[in-house]
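Encoded as structure tokens, the structure appears first; notes follow it.
Just so it is clear, the model here is predicted, and its values are computed rather than measured. Order of appearance sets the numbers: ligands from 1, and atoms from 1 within every ligand.
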Amino acid sequence: MIVIGTGIAGLSTAIFLKKKGYDVVVLSKEEELQETNTYYAQGGIIGPRPEDSSQQLKEDILEAGYHYNSIEAVNQIAYEGPQLVKDFLIDKVGVKFSCNEAGEFDYTGEAAHSIKRVLHYKDTSGEQIENSLLAYARKLDIKILSSYVSIDIITNNHHSRDTRELYKEREVMGIYALDEESGEVKKMLSHYTVLATGGIGALYKHTTNSEVSTGDGLTMAYRTGADIINAEMVQFHPTALFHKDIKGFLISESVRGEGARLIDHDGSTFMEKYAPEQKDLAPRDVVARAIYSEINSSGKDYMLLDVASYYEGEKDINKRFSRIYETCKEGGIDITKEPIPIVPVAHYFCGGIKVDLFGKTSIKRLFAVGETSCTGVHGANRLASCSLLEGVLWPQKAAEEIDKNFKPIEKNRFAEIPEWKSPKETEKFDNILLQQDWESIKLTMWNYAGIVRTRHGLKRANADLNYYTNRIFDFYNSAELRKNIIELRNGVVAASAIVRAAMHNKKSIGCHYLAE
Ligand code: SIN
């Protein structure tokens, strides 16, 4: 079995499959396996809390998602997710979460949650989860390959030399992947392939995401003909640090969950104007747009988040939010004394490869889990701290489904899949060309497919992306294959998919906000 991606969803899938007795190979395109969005998550994951109820969690998810969600998927996560955090992440994998002085879990609050139910490890929850999962996967002897860049998904229809395969139902039979170290493209055959490649934040000029988030899985699945849904639903996080040297650093929503307030440059709070009841803890899209509007009307470059004056947590600010404290301090801001300059930035992809309750895509033998998939849980706007939860529950379901219906691909069919063919003459491209294209894509997405969209802006984005696509495909076809070229080709296709979905959806809702 092949699993692509080493964030929470990829590692969890590999672990569940391995426990069922399957041989699993996990691929990361990075040298550092931890280089995932999971690693950078600060807030935490929804855990089971006696004072909470599945029904209440379900209502919060639906409310945040504008009831654009799949009810079945929301039921699954609300009724089964939190308990799995205890049974799997805590009891089996050994993930540690912060506790209060009495030794009980220190649940934190985040926007649009009606109760504090988020388990965290200080403000480095993702790092704690990622490192624990990696250690556990290694203990189970799961094979993990770094610097393996997936290029294309192999299907019987597209790749088999046996022409009879053209007339059969489309099935995934593995992938072609570039081994960056040797420069060779490997044919990797597999009975089932699981995409856990993460999000698309790197398509935007400003993002909390790691640069790895170039929409690889989305694009590969799209090329196989898999259904993609809700691609217009890109969630913007209201608060990233605004700093000339530190880019895209997240200031966790849990900071507001523990009392911090958004203020303007005169020191006045403003969220009550936009969300009289929930104020600073209104759903993310509402807060992001409020900040965007305050920035535009004031002519300033940023707004401010005041922790020092409003903090209500038990621990000292610098202990509770140690990474935020340290990072801001490096940037010359003492969060225990002064407000933090913030701006909203691209954060999470609520759309993706359409999957069912078991992570099954519309193509046989292809599964998708985590941010690259769209289960329907998030609807038009994700409730905070649901993504890590989805990233552990769907892998369990996918592994069960694969195991229940396991059917190997016959050897003679595998034998008809050819090795990768590179063009005879390849060209090395100057990085400057790639960078120029990336800058253009990121700016196009930021300006025209961002927090507030217009019909004209989207139309222009579509035209510009078509032009970049032609140019990029041209040089992809003659280029010496490298990770950066593969990512660029994926990135431009993913960006186009988002823009086209945004043009198609005429209804302004949640993350997809249309001004006209
Ligand atoms: C945060 O800590 O604000 C991010 C949590 C999330 O995106 O769910």
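- Per-residue contacts place His237 under 4.0 angstrom from the following atoms of ligand 1 (heavy atoms of the residue considered): 1 (C), 3 (O), 4 (C).
- No hydrogens or angles considered: nothing links the side chains of Gln34 and Tyr40 as a donor-acceptor pair under 3.5 Å.
- Judged by the shortest distance from any of its heavy atoms, Ala41 lies outside the 4.0 Å radius around the atoms of ligand 1.
- For Asp52 and Arg117, the salt-bridge test passes: some basic side-chain N is under 4.0 Å from an acidic carboxylate O.
- The His347 neighbourhood of ligand 1 comprises atoms 4 (C), 6 (C), 7 (O), with distances under 4.0 Å to a heavy atom of that residue.
- Aromatic ring centroids of Tyr302 and His265 lie under 6.0 Å apart.
- Numbered from 1 in the order shown, with element, the atoms of ligand 1 that lie under 4.0 Å from a heavy atom of Ala384 read 8 (O).
- Remark: Lys442 is not positioned above the aromatic ring of Trp446, lacking an NZ or CZ atom under 6.0 angstrom from the ring centre and at most 45 degrees off the axis.
- Aromatic rings of Tyr204 and Phe236 (six-membered ring for Trp) have centroids within the 6.0 Å cut-off, being under it.
- For Lys319, the NZ atom counts as loosely surrounded, since its 6.0 Å shell holds 12 or fewer non-hydrogen atoms of other residues, nucleotides or ligands.
- Contact atoms of ligand 1 toward Glu253: 1 (C), 2 (O), 3 (O) (distance under 4.0 Å to a heavy atom of the residue).
- Residue Glu110 approaches ligand 1 through these ligand atoms, each under 4.0 Å from one of its heavy atoms: 1 (C), 2 (O), 3 (O), 5 (C).
- From the protein, the heavy atom lying nearest to atom 2 (O) of ligand 1 is Ser252 OG, 2.6 Å.
- Using a 4.5 Å heavy-atom threshold, the side chains of Leu195 and Ser373 count as separate.
- For the pair Gly43 and ligand 1, the shortest N or O to N or O distance falls below 3.5 Å.
- When the shell of 6.0 Å around OH of Tyr222 is examined, it contains 12 or fewer heavy atoms from other residues, nucleotides or ligands.
- Counting atoms of ligand 1 from 1 in the listed order, those under 4.0 Å from a heavy atom of Ser385 are 6 (C), 8 (O).
- In this structure, Gln235 has no heavy atom closer than 4.0 Å to ligand 1.
- With a 4.0 Å heavy-atom cut-off, ligand 1 is reached by the side chain of Arg284 but not by its N, CA, C or O.
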